[in-house]
Amino acid sequence: MLENLDKIKQQFHDELNAVESKGELEKIRVSFLGKKGLVTQELKNLRDLTPEEKKTAGMKVNSLKQEIEKAIVEHQKILEEREYLEEIKSAKVYDFTIPSSREVGTLHPITIIQKQIEDIFKTMGFIIEDGLEIQTEYNNFEAVNIPKNHPARDMQDTYYLENGQLLKTHTSAAQNTIMRKYGEPKKGEPLKVLFPGRCFRNENLDASHENTFFQLEGMMIGDDISISNLIYFMKVLLSEVFERDVKVRLRPGFFPFVEPGFELDINCAICGGDGCATCKQTGWLELLPCGMIHPNVLSMGGIDPDKYTGFAFGLGLTRLVMMKYNIKDIRMFNSGNLKQLRQFTR
Ligand code: FA5
């Protein structure tokens, strides 16, 4: 039996040296250590020996078994290392430090100015909210004091979905949801929120009217908010965006959701106020309507109008960007004309 073990050992090492793959290695393992393997057979043969013979032979068989197990594990490691090196050799290696030749896009001019205004208002403690584009009729109209059949609805005709919802006509559609989300402000801690968004109207298109445009709304509600707060924030907004003096005019304006209400117009930057197609020959462009939030709107938002007051403004963001960059026609923004859109980097 002991001679047999030496032969098995020799045979194992000869075969192992020729093994090139994990599959071949597994075959060897089975043929020596498997159920019917040579070493397993020798272990079974121990049954026929005397107790004395069993002791010595048993030790020898077990030591061969361990030697084979160890050799298989080591050979497996060698094969894996070889495989790994082969993989590296055949892999494509990318050098990420080589500068890309692909063109990098630029932000849309509206996004650039929107981010700039958001940053300014964030430093003044405003929260930025994101209103939905699809809204209920209630949020878009009723909740801002425009009941069914109110003539103000005619000026904001929009696109209705089959389920009765609509594409929002103004960012004011988010006022009620925001008031309900944050609730009544604590004393000395007014609620300050900025909510930009895309709006949709069924419009006759011209140089300053699009059917899809952006507004940016601001709202501040507290126990002591007045028109002077409103004027302060509007001044900050315009001076930071334009970085120069801009001529504006404030006049009374009617919106069912503010009382009193104002229209802030900007002197047309395209013609310098002389009159052109952009400003419809008036020299002015409606830009920033605003006012003190109507008590009905506060009540519908769950805020007690006897305790709190607030202002809101609804900046025509797309028009502001036109004035900032001297863009004559609003239709350029949605034109997809990359040549024009790529000019704006700041
Ligand atoms: C409103 O939409 C009010 N929700 C604004 C508001 C908010 C008033 C809070 C008071 C308090 P108006 O319909 O005027 O108001 O639109 C506001 C601004 O959006 C306009 O001054 C204009 O700059 C811009 N705007 C309106 N319609 C268009 C359009 N079709 N294309 C481009 N800009 C538009």
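In listed order, ligands and their atoms are each counted from 1. Note that the structure is a prediction, hence the values are computed from the model and not measured. For the numbers below, each heavy atom of this structure counts, side chains included, while hydrogens, waters and symmetry mates do not.
Under 4.0 Å is where a charged nitrogen must lie from a carboxylate oxygen, and between E210 and R319 no such pair does. Taking 4.0 Å as the cut-off between side-chain N and carboxylate O, E24 and K27 do not count as a salt-bridged pair. For the pair K60 and E42, the salt-bridge criterion is not met [side-chain N within less than 4.0 Å of a carboxylate O]. E263 and R249 are not joined by a salt bridge, as no carboxylate oxygen comes within less than 4.0 angstrom of a charged side-chain nitrogen.
Atom 25 (N) of ligand 1 has its closest protein heavy atom at F213 CE1, 3.6 Å. Among protein heavy atoms, atom 15 (O) of ligand 1 sits closest to F255 CE2, 3.5 Å. With hydrogens left out, the protein atom closest to atom 3 (C) of ligand 1 is F257 CZ, 3.6 Å, a heavy atom. In terms of protein heavy-atom proximity, atom 23 (O) of ligand 1 is nearest to E286 O, 3.0 Å. Among protein heavy atoms, the minimum distance from atom 31 (N) of ligand 1 is reached at E210 N, 3.1 Å. Scanning the protein for heavy atoms near atom 5 (C) of ligand 1, the closest one is P289 CG, 3.7 Å. Scanning the protein for heavy atoms near atom 22 (C) of ligand 1, the closest one is R319 NH1, 3.4 Å. From the protein, the heavy atom lying nearest to atom 24 (C) of ligand 1 is G316 CA, 3.7 Å.
Contacts with ligand 1 closer than 4.0 Å are made by no heavy atom of L315, backbone or side chain. Contacts between S208 and ligand 1 below 4.0 angstrom, taking non-hydrogen atoms only, involve the backbone exclusively. Only the side chain of Q215 comes within 4.0 Å of ligand 1, counting heavy atoms alone; its backbone N, CA, C and O stay farther away.
The aromatic rings of F257 and H170 sit perpendicular, their planes meeting at an angle over 60°, well past the 30° parallel limit. Ring geometry, F121 versus F126: the interplanar angle exceeds 60°, so the pair is classed perpendicular (tilted spans 30 to 60°).
In terms of modelled atom types and a separation under 3.5 Å, the side chain of E74 and the main chain of A71 share no donor-acceptor contact. Within the 3.5 Å criterion, the main-chain N or O of G34 finds a donor-acceptor partner in the side chain of T40. No donor-acceptor pair closer than 3.5 Å links the side chain of R180 to the backbone N or O of T177.
Set against the non-hydrogen atoms of L287, the atoms of ligand 1 under 4.0 Å away are 21 (O), 23 (O). Those atoms of ligand 1 with a heavy atom of G314 less than 4.0 angstrom away are 5 (C), 6 (C), 7 (C), 9 (C), 17 (C), 18 (C). When each atom of ligand 1 is checked for a heavy atom of E217 under 4.0 Å away, the hits are 7 (C), 9 (C). Atoms of ligand 1 found under 4.0 Å from any heavy atom of V258 (numbered from 1 in listed order, with element): 10 (C), 11 (C). Atoms of ligand 1 found under 4.0 Å from any heavy atom of A312 (numbered from 1 in listed order, with element): 9 (C), 11 (C). Heavy-atom contacts of F313 reach the following atoms of ligand 1: 7 (C), 9 (C) (cutoff under 4.0 Å).
At least one N or O atom of R201, backbone or side chain, sits closer than 3.5 Å to an N or O atom of ligand 1. On a distance-only criterion, H209 and ligand 1 share no N/O pair closer than 3.5 Å.
Ring to ring, F313 and F233 are not that close: their centroids are 6.0 angstrom or more apart.
A side-chain N or O of Q10 and one of D14 form a donor-acceptor pair less than 3.5 Å apart.
By heavy-atom distance, the residue among C199, G291, S172 lying nearest atom 4 (N) of ligand 1 is S172.
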